[in-house]
Amino acid sequence: MASRRAPANAAALLSGLNPEQRRAAETLDGPLLVLAGAGTGKTKVVTTRIAALLARGVPASAILAVTFTNKAAREMRERLLKAAGPAAEGVTLGTFHAFCVRLLREHHRLIGLQKSFPICDAADQQSVIRAALRSVSVAETSLHPRAAQARISLWKSRMSDPAAAAREGGGDQDLLAAKVFGAYEAELARRRMLDFDDLLLRSLRLLREHEKVRAGLEERFQYLLVDEYQDTNRPQYEIVRAIAGKRRNLMVVGDDDQSIYAWRGADHKRILDFERDFPGAAVVRLETNYRSNEEILDAANKVIRNNLKRHVKTLRSSRGSGAAVQAFACDDEEHEAQFVVADLAELLRSGAARPRDCAILFRTQTQPRPFETELRAQGIAVRVSGAQSFFDRKEIRDLAAFLRLVARPHDESALLRVVNVPPRGIGDVSIEKVVERAAAQGRDAAGVFAEMSAAGELPEAAARGWSRLQAALAAARAEVKAGAPLPQTVAALIEALQYRAEIERCYPENAARETRWNGALEILDFAAAHERHHGRDSSLDRFLDELSLRSEEGDPGEKEAADAVSLTTIHSAKGLEFERVWLVGCEEGILPHRRSALEGGVEEERRLMYVAVTRAKSHLTMTFCQRRALRGVYKARHPSRFLLELKEKPPPAGWVACEKENQPMEPAEPGASQSPMPTERKKARASLGRPRKARTESSTGREPPGS
DNA sequence: GGCTATGCTTTTTTT
DNA sequence: AAGCATAGCC
């Protein structure tokens with residue numbers, strides 16, 4: 001393998017690296033696999049290597065780097081600009097999905113797409129699924145739309161089509177789901193939308209069926225880089241391979257212990273197959289951890305060693321001993337939030353930490369609410385990622401739908417969402433009529449609406465409402481065409497649609513009304529930020545893509561978030577690091593999640609725990625609740641088995657996925673070791689709201705916070 | 001067609 | 001608890 005080395009003028013770049021890191025960063029040509037344990041300086045290697053490429057004279061435009069999450073992309077961009085300076089701005093860096101959207105928009109004609117096809121996001125997907133269920137007469141009770149969606153997405157990420165799905169399907173449920181899959185694809189096609197999986201699949205098809213396009217990309221992108229390679233699914237892998245082509249200048253970075261996306265079709269064995277897929281690949285292992293103190297690393301190792309299916313590696317700490325890892329029992333989720341935020345507030349007050357150094361990590365989207373409330377009550381700046389975020393707020397979704405209609409008059413999902421928002425006389429009956437005819441004739445609903453409205457086939461009120469809506473949209477379209485700034489267009493649209501009145505109608509309470517209205521106005525900030533970011537390159541289409549793909553570039557919270565506490569899922573915290581981490585909800589049923597235990601995915605949950613623990617640099621605090629409100633009812637909860645694994649011994653053999661609600665977690669074999677927690681539980685319950693220290697990993701006599 | 005009240009379901013993680 | 005769909009009234 002001819003591996004040219006970085007030229008001498010890049011030597012300075014490499015000086016801060018250890019020998020392994022350096023070897024990775026200066027192996028510039030040919031396939032390269034970097035097995036990078038958590039906190040081993042992976043991003044540093046990646047950014048240094050790109051800087052080295054630039055120093056060697058490779059144009060920035062010839063470099064493509066892909067990540068999986070927007071957060072990771074943004075982090076990488078920041079670090080890259082720091083390492084390589086403004087020269088790096090021309091590097092193509094983004095998520096797979098963002099890259100694919102751009103590719104498809106550019107070549108839409110070749111594969112028969114409209115130039116501005118709508119992207120079907122999760123909410124749209126629900127409506128498409130529902131329509132699909134209806135069209136094959138499957139009751140939502142026999143196949144839950146959510147379940148169907150998950151199933152279909154997994155099929156697609158494995159590159160199965162409905163026919164293949166039906167063939168391999170074992171049970172009735174599978175056959176049913178396969179049938180719905182077919183209907184779903186048809187409905188998507190009728191709406192001319194692409195869902196997230198399609199973005200990858202169509203891109204791949206484009207590359208396979210149009211050699212010119214593929215060759216063009218191979219020619220342009222001389223150097224490829226894939227972050228978190230263990231999370232790649234099949235279409236992503238194929239896309240990378242197609243672009244890498246014969247040149248094979250492909251660097252992949254990953255860690256099988258951090259594979260947490262199996263549920264969306266990622267196969268972490270792929271990283272172990274890299275050498276087979278790309279013969280002659282150089283392999284570098286990074287095993288020195290620069291991030292966490294020994295106590296944290298020790299906790300991480302104690303958890304992950306319980307996974308049987310893994311490649312054993314040893315992470316050496318370079319930071320030495322520090323604060324002990326702590327775990328606390330809390331009464332309930334409110335108490336948990338108060339406890340963590342009190343701890344946090346004291347640290348911030350005393351100047352021991354800056355907000356940006358702190359993160360609260362959680363497993364599911366139901367968890368962050370009390371924390372957000374408490375943080376805001378204490379006036380602590382917070383950056384929340386997840387379901388309650390900007391993109392998922394009803395107002396934002398409504399306004400986004402209007403904008404989609406401005407750009408794409410035939411976007412049926414958007415139309416159905418807001419055709420009667422605010423109420424303009426277009427009732428369910430009219431909508432039903434239109435949708436039915438549209439489906440029957442294979443046409444789009446907007447066209448049918450216009451036709452029926454003009455032909456007097458709708459109630460007069462509905463027809464009037466329709467033309468008012470169309471007038472508002474047309475005015476906005478004219479503005480866009482005239483090149484008006486995005487925020488101005490949005491503001492005019494809000495005005496024309498009297499959206500403020502709608503909010504006031506929906507939220508009679510003063511406080512809620514203010515919050516909602518302010519929330520709605522944030523889309524103006526988002527639009528402004530978008531224009532700042534993209535300059536003359538900004539367009540409504542791109543803006544909508546960002547909204548759909550939830551790219552956080554120019555997120556309205558960005559400015560304040562520069563110094564805010566992060567409140568984020570473990571999944572989206574991957575790749576990030578914080579001085580202090582509070583990992584909350586360490587309970588059976590949450591982490592590991594109940595569903596995953598049922599489906600035999602406990603090893604993946606353990607990797608999730610591992611990822612969470614290894615985010616912390618100097619302080620790690622874990623909490624769990626004794627009881628928690630589920631569907632409005634308090635249920636007893638039990639500490640996560642992963643907390644127990646932090647004790648010296650692995651869990652007893654026969655330890656089962658517990659969690660039949662309300663049953664205590666017990667080893668399966670009667671008489672095996674008893675649960676180590678009851679004493680602490682009792683103590684905490686007796687303690688009138690002050691958390692008791694449940695356990696301390698290596699006791700340094702540190703006082704529990706807040707006592 | 002719009003509004004309100006009542007009942008019913010809900011919980012994985014990301015793009 | 002809260003959000004969502006349905007039913008029944010204006």
Side-chain angles (χ1 to χ4, degrees), chain A residues 66-73 94-101 119-126 130 140-141 144-147 150 153 156-157 194-200 228 231 233 235-236 259-266 333-334 361-367 369-370 385-389 391-392 394 420 422-432 458-462 464-465 505-506 508 545-552 568-574 585 589-599 601 604-605 607-608 611-612 628-635 659 661:
Chain A
V66 274
T67 62
F68 289 82
T69 63
N70 292 305
K71 267 197 180 160
T95 64
F96 267 106
H97 292 84
F99 174 74
C100 287
V101 169
I119 298 168
C120 181
D121 69 16
D124 301 326
Q125 240 175 338
Q126 280 300 304
R130 289 219 160 86
E140 292 189 6
T141 43
H144 193 87
R146 256 195 146 77
S153 177
K156 291 178 87 163
S157 68
L194 299 190
D195 69 13
F196 290 130
D197 296 307
D198 287 332
L199 297 179
L200 305 172
E228 308 285 10
D231 291 332
N233 65 22
Q236 290 167 329
S259 158
I260 54 176
Y261 285 103
W263 51 273
R264 91 176 177 192
E333 68 271 23
E334 304 246 297
L361 305 187
F362 51 88
R363 172 68 177 85
T364 71
Q365 300 291 4
T366 52
Q367 291 172 260
R369 222 167 290 180
S385 74
Q388 289 309 305
S389 76
F391 301 99
D392 285 305
K394 185 172 167 297
N420 200 33
R424 54 176 69 85
I426 304 173
D428 295 342
V429 179
S430 302
I431 295 173
E432 189 65 28
L458 296 179
E460 204 192 317
R464 257 180 303 155
R505 191 182 66 85
C506 292
D545 285 346
E546 282 206 358
L547 279 171
S548 295
L549 298 176
R550 341 193 105 216
S551 151
E552 294 179 18
T568 160
T569 61
I570 301 171
H571 280 90
S572 56
K574 189 154 74 133
I590 292 184
L591 183 64
H593 195 274
R594 187 167 129 262
R595 289 291 295 269
S596 69
L598 257 41
E599 286 153 27
E604 177 147 312
E605 296 291 300
R607 291 193 289 269
L608 211 41
V611 167
R628 183 180 290 270
L630 295 157
R631 299 171 208 164
V633 182
Y634 278 100
K635 302 259 171 149
E659 198 61 20
E661 220 68 70

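Lettering follows sequence order; numbering is per chain, from 1.
Ion pair K156(A)/D198(A) flagged as a salt bridge, since at least one NZ, NE, NH1 or NH2 atom sits closer than 4.0 Å to an Asp/Glu carboxylate oxygen.
Between the NZ atom of K156(A) and the C1' atom of dT15(B) there is a distance of 13 Å, given to the nearest Å. Here the C1' atom of nucleotide dT14(B) and the NZ atom of K574(A) are 11 Å apart, to the nearest Å. The CD atom of Q367(A) sits 9 Å away from the P atom of dT13(B) (whole-angstrom rounding). Rounded to whole Å, the distance from CD on Q125(A) to C1' on dT15(B) is 10 Å. In this structure, F99(A) places its CZ atom 18 Å from P of dT15(B), rounding to the nearest Å. At whole-Å resolution of the value, NE2 in H571(A) and P in dT13(B) are 9 Å apart. Atoms CG (D392(A)) and P (dC4(C)) sit 12 Å apart, rounded to a whole Å. Distance NZ (K635(A)) to P (dA1(C)): 14 Å, rounded to an integer number of Å.
Residue S548(A) places no side-chain N or O under 4.0 Å from the OP1 or OP2 atom of dT15(B). Under 4.0 angstrom from either OP1 or OP2 of dT15(B) there lies at least one side-chain N or O belonging to N70(A).
Remark: ring of F196(A) not stacked against base of dT14(B); the cut-offs of centroid gap under 5.5 Å and plane tilt under 30° are not jointly satisfied.
Residues satisfying the salt bridge (Lys or Arg N to Asp or Glu O under 4.0 Å) test with E228(A), not counting sequence neighbours, are K42(A), K574(A). Partners of R505(A) under the side chain to side chain donor-acceptor pair (under 3.5 Å) rule, at least two apart in sequence or in another chain, are E502(A). Contacts of Q126(A) classified as side chain to side chain donor-acceptor pair (under 3.5 Å), with partners at least two apart in sequence or in another chain: Q149(A). Every ring-ring contact (aromatic ring centres under 6.0 Å, His included) that Y261(A) has, sequence neighbours left out, goes to W263(A), H571(A).
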Find every protein N or O atom lying less than 3.5 Å from an N or O atom of nucleotides 9-11 of chain B, and list the pairs.
from, atom 1, to, atom 2, distance (Å)
dT10(B), OP1, H144(A), ND1, 3.1
dT11(B), OP2, R146(A), NH1, 3.3
dT11(B), O4, R631(A), N, 3.4

Identify each atom pair where a protein N or O and an N or O of nucleotides 1-7 of chain B are less than 3.5 Å apart, giving names and distance.
from, atom 1, to, atom 2, distance (Å)
dG2(B), OP1, G425(A), N, 2.5
dG2(B), OP2, N420(A), ND2, 3.2
dC3(B), OP2, R505(A), NH1, 3.2

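Here R631(A) contributes atom CZ and T366(A) contributes atom OG1; the two are 11.0 Å apart, rounded to the nearest 0.5 Å. Here OG1 of T95(A) is found 14.5 Å from NZ of K71(A). Values are rounded to the nearest 0.5 Å. Going from atom CZ of R607(A) over to atom OG of S259(A) covers 4.5 Å, rounded to the nearest 0.5 Å.
In this model, a donor atom of one side chain and an acceptor atom of the other lie less than 3.5 Å apart for D197(A) and S153(A).
Across the P atoms, dT13(B) and dC4(C) are found 16 Å apart, a figure rounded to whole Å.
Residue contacts shown for F96(A) are absent, as no nucleic acid heavy atom lies under 4.0 Å away.
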